[in-house]
Amino acid sequence: MIIGILGLQGDVAEHITYLCLQGIVARVIKKPHELEGIEGLIIPGGESTTISKLLVSSGLLQPIKALIDEGLPVWGTCAGVILLSQEGLLESAPVKATRNAYGAQIHSFIGHGKIAGKITPMVFIRAPKIEWLSPDVEVLSTLDGNIVAARHKNILLTAFHPELTKDCTILDIFLEMIAAQKSKSKSSQIQNTRLQANAL
Ligand code: GLN
């Protein structure tokens, strides 16, 4: 399995290490042709304004949007949440996120919240807050009343940085989403083959 990490700016290296420690092959994506064959994509934390500009200049914006529409599992962390939100450049998830909602860099903190019934360390660095979400978005975790992890169809959002910890709770959720997408496309392939065979 190859997971792409958008490698335009931000904590790309930390995501590579995080995946490699779990034996997952990571591919840094800087150009459109590098998207070929990936089964999931991570939009890392960083500076959402810079990543937005580079998404346009690299020619990656439209191909990534198309892959998301086709069902590619995508996980946005921190700045990635802003980009994937409905007012972000990728406009993929029906959520509204406010940038730097916990304060400046100096207000970075590590919290502990529950995901899938497990207490998980959560690193917040000038993190966004998800202030609004459509009713069909699944809230995966809250901390002190703030939504910090959510999922909408093939999109996973975390306001915090799991890649800066050794905790794999969210990664496991993302891997499950990839596995579900894989079996979905396999069964539609089988169905297509059957339809073609019946037409003969
Ligand atoms: N505050 C940054 C932004 O708005 C995100 C910070 C992060 O990704 N850690 O782009």
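Each ligand, and each atom within it, is numbered from 1 in the order the structure gives.
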Contact check: [X] vs ligand 1, nitrogen or oxygen atoms, below 3.5 angstrom:
{"X": "Thr49", "value": "no"}
{"X": "Gly46", "value": "yes"}
{"X": "Ala79", "value": "yes"}
{"X": "Ile125", "value": "yes"}
{"X": "Thr77", "value": "no"}

- So between Gly88, Ser48, Ala101, whose heavy atom ends up nearest atom 10 (O) of ligand 1?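 The residue whose heavy atom sits nearest atom 10 (O) of ligand 1 is Ser48.
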Salt bridge [X]-[Y], side-chain N to carboxylate O under 4.0 Å:
{"X": "Lys65", "Y": "Glu70", "value": "no"}
{"X": "Glu39", "Y": "Lys182", "value": "yes"}
{"X": "Glu131", "Y": "Lys96", "value": "no"}

Which of the atoms of ligand 1 are close to [X], meaning less than 4.0 Å from one of its heavy atoms?
{"X": "His161", "answer": "7 (C), 9 (N)"}
{"X": "Glu47", "answer": "3 (C), 10 (O)"}
{"X": "Gly45", "answer": "8 (O)"}

- Message: Between Val148 and Met122, is there a side-chain heavy-atom distance shorter than 4.5 Å?
- Response: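 Touching, per the 4.5 Å side-chain cut-off.
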- Task: Ignoring hydrogens and angles, state whether a donor on the side chain of Lys129 or Thr98 is under 3.5 Å from an acceptor on the partner side chain.
- Result: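 Side chains of Lys129 and Thr98: no pair found under 3.5 Å.
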- Task: Indicate, as side chain, backbone, both or neither, the part of Arg126 found under 4.0 angstrom from ligand 1 when only non-hydrogen atoms are considered.
- Result: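 Contact part for Arg126 vs ligand 1: both backbone and side chain.
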Distance from [atom] to nearest protein heavy atom, with residue and atom:
{"atom": "atom 1 (N) of ligand 1", "value": "Asn100 OD1, 2.4 Å"}
{"atom": "atom 7 (C) of ligand 1", "value": "Cys78 SG, 2.8 Å"}
{"atom": "atom 4 (O) of ligand 1", "value": "Arg99 NE, 2.5 Å"}

- Message: A quick test of your reading: do over 12 heavy atoms of other residues, nucleotides or ligands sit less than 6.0 Å from NZ of Lys153?
- Response: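 No, NZ of Lys153 has 12 or fewer neighbouring heavy atoms, counting only those of other groups under 6.0 Å.
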- What is the ring orientation for Trp75 with His15, classed by angle as parallel under 30°, tilted 30 to 60°, or perpendicular over 60°?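 Perpendicular, since the angle between the ring planes exceeds 60°.
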- Criterion side-chain hydrogen bond (donor to acceptor under 3.5 Å, both in side chains) on Asp167 and Thr165, from CA distance to verdict: CA-CA 5 Å; Asp167 190 275; Thr165 71; 5.4 Å; no
- Item | Rounded distance [0.5 Å steps], CG in Leu156 versus CG in Leu171 |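 Here the rounded value is 9.5 Å.
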